Protein chains: 2
Amino acid sequence: MATGRTHRPATRSRGIPEATVARLPLYLRALTALSERSVPTVSSEELAAAAGVNSAKLRKDFSYLGSYGTRGVGYDVEYLVYQISRELGLTQDWPVVIVGIGNLGAALANYGGFASRGFRVAALIDADPAMAGTPVAGMPVQHTDELEKIIKDNGVSIGVISTPAGAAQQVCERLVAAGVTSILNFAPTVLSVPEGVDVRKVDLSIELQILAFHEQRKAGEEAAADGIEPPAAAKQQRKGPDGDVPAVMPA
Amino acid sequence: MATGRTHRPATRSRGIPEATVARLPLYLRALTALSERSVPTVSSEELAAAAGVNSAKLRKDFSYLGSYGTRGVGYDVEYLVYQISRELGLTQDWPVVIVGIGNLGAALANYGGFASRGFRVAALIDADPAMAGTPVAGMPVQHTDELEKIIKDNGVSIGVISTPAGAAQQVCERLVAAGVTSILNFAPTVLSVPEGVDVRKVDLSIELQILAFHEQRKAGEEAAADGIEPPAAAKQQRKGPDGDVPAVMPA
DNA sequence: CGTTGTGAAGTGGTTCACAGCC
DNA sequence: GGCTGTGAACCACTTCACAACG
């Protein structure tokens, strides 16, 4: 690989820790629900419960945004909704393209939560010429040839990749070359992008494997000996030439 | 409000840090690709590049599993594939149910990566009686009424929720009551579960919002002051950073 | 009072850098 | 010589606990 820059080194963001940024959408969702029920104020304790975090963490998170609460009272729901929305950049409109309109791409296109908050699907793009013109979620699919033009005409800076793994890196490069600087990747592959481009990935099989790990642990907690013998078929001898696997774990 | 959750850091796993567990699937994927190309051994540097991490981290991660490498040479690809698979619990079969067969559920059912490694879709379940019997991904959709029976008959311990947000908590509770102890949640809502049940969530709109945050930051790096006041609706004074975008808040 | 906001202490994860071994 | 495995230093995030304040 040549230009493999995946993680930005020390993106201090703006003083807001990355972990906090990742929770702001959660708070926003909980606050929006409160807002719809016309709840005027909320304490850190209540809001934290609704968002599934603990209250000290929530208060610390909010402290990075400023002092938006009132001691002895709590937080003003509407005001906080506005502040978090602004902080997340949701007070502006983000045109998004979805590339790869298979089952998943179509599901994403139909996903309501997309349009709800600042995001607008500007185009659906697929490499299959037979799909061109087919309406998906009330929108005609466009051919990959148009990708660059679509991005530029719509000022798209966020792209969603839901192509097969094999096509993802190439699509990614075209998106980036056309001006996209944030990518949400659903393809099960590692994307390499130039510095300055953000990539987030969503990967079903990784999530399942993490669950399986913990699941296995739970099962093993009781039944210790449960012959999970290695399939002798596999050539899993210790090492190449000489075997030595003491598995030392001092600490 | 507090459910007597003593916040057990059960994440102690078995000495393997959670962050490491989350990367094992990534290594496994890269190793599988090497294996298919019949590459016999790989260095930490090469494998790290393929997995998109740095080599020190990879070596540290592997050190939690044991000493599976050979100094001066690298790691035996096949052997490592086996060791990681075993560690993740992929040497056994995990039946999975998908609840909520809308666009997304159908996409998940069709997702190939599902079956590939240890996971097997045992059933597709939906609350819509009209869907019952309809084949999706070559499998008949079953009605929610059957949920408990399906889980028990198949020994399902992992459930995927792709219902609308409003139904998710209820579905979750039924899954857990029937014996499921790991849940992958695609619904945009916080699930509350009893201790001992693992939940992982995949949330499109959260990911987009995180991207928007960084995107906004990039844009703001150039364009400096744009001082426009937040809506006068703000009734408190605050000392946070100043706003810059007029209100567009949908309430 | 009750609840926020925050230094300080604690925890977990990453990176460095090099000893140990092939 | 090359590469792994790992203490130690470093850094980011979380939690504690309490002073500040409406």
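Proteins get letters first, then strands, A, B, ... in listed order; numbering begins at 1 in each. Because the structure is a prediction, the values reported are computed rather than measured.
One can place CZ of B:F62 at 16 Å from P of D:dC3, the figure rounded to the nearest angstrom. The separation between A:Y68 atom OH and C:dT6 atom C1' is 17 Å, rounded to whole Å. If you take CD1 of B:I16 and P of C:dG12, they are 15 Å apart, rounded to a whole angstrom. If you measure from atom CG of A:L58 to atom P of C:dT6, you get 14 Å, rounded to the nearest angstrom. Going from atom OH of B:Y64 over to atom C1' of D:dG7 covers 11 Å, rounded to whole Å. Atom-to-atom, CG of B:D61 to P of C:dG13 comes out at 10 Å; the value is rounded to the nearest Å. Rounded to whole Å, atom P of D:dC3 lies 14 Å from atom CG of B:L47. When rounded to the nearest whole Å, the span between CD of A:E45 and P of D:dT15 equals 13 Å.
If you check distances only, the side chain of A:R71 does reach the base of C:dT4 with a donor-acceptor pair under 3.5 Å.
The residue among B:G74 and A:K57 whose nearest nucleotide of DNA chain D is located toward the 5' end is B:G74. Heavy-atom nearest nucleotides on DNA chain D were determined for B:Y75 and for A:A56, and the one closer to the 5' end corresponds to B:Y75.
Of the candidates C:dT15, D:dT15, C:dG13, the closest approach to any side-chain atom of B:E18 belongs to C:dG13. With distances taken from any side-chain atom of B:A19 to the nucleotides C:dT14, C:dT4, C:dG5, the minimum falls on C:dT14. Comparing C:dT14, C:dC22, D:dT14 by their nearest atom to the side chain of B:R23 picks out C:dT14.
The phosphate of C:dT14 (OP1 or OP2) has no side-chain N or O of B:N54 nearer than 4.0 angstrom. Distances shorter than 4.0 Å separate none of the side-chain N or O atoms of B:S44 from OP1 or OP2 on D:dC3. Look at B:R59 and you won't find any side-chain N or O under 4.0 angstrom from OP1 or OP2 of C:dA17.
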Chi angles and distances behind the ring-ring contact (aromatic ring centres under 6.0 Å, His included) call for B:Y75, B:Y68: CA-CA 7 Å; B:Y75 300 91; B:Y68 293 151; 8.7 Å; no
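Heavy-atom neighbours of B:Q170 CD from other residues, nucleotides or ligands within 6.0 Å: at or below the threshold of 12.
Within the model, atoms CD of B:Q216 and CD of B:Q209 stand 12.0 Å from one another, a figure rounded to the nearest 0.5 Å.
Between A:V77 and A:T32, the closest side-chain pair of non-hydrogen atoms is not below 4.5 Å.
Between A:R29 and B:D203, at least one side-chain N (NZ, or NE/NH1/NH2) sits under 4.0 Å from a carboxylate O, which counts as a salt bridge.
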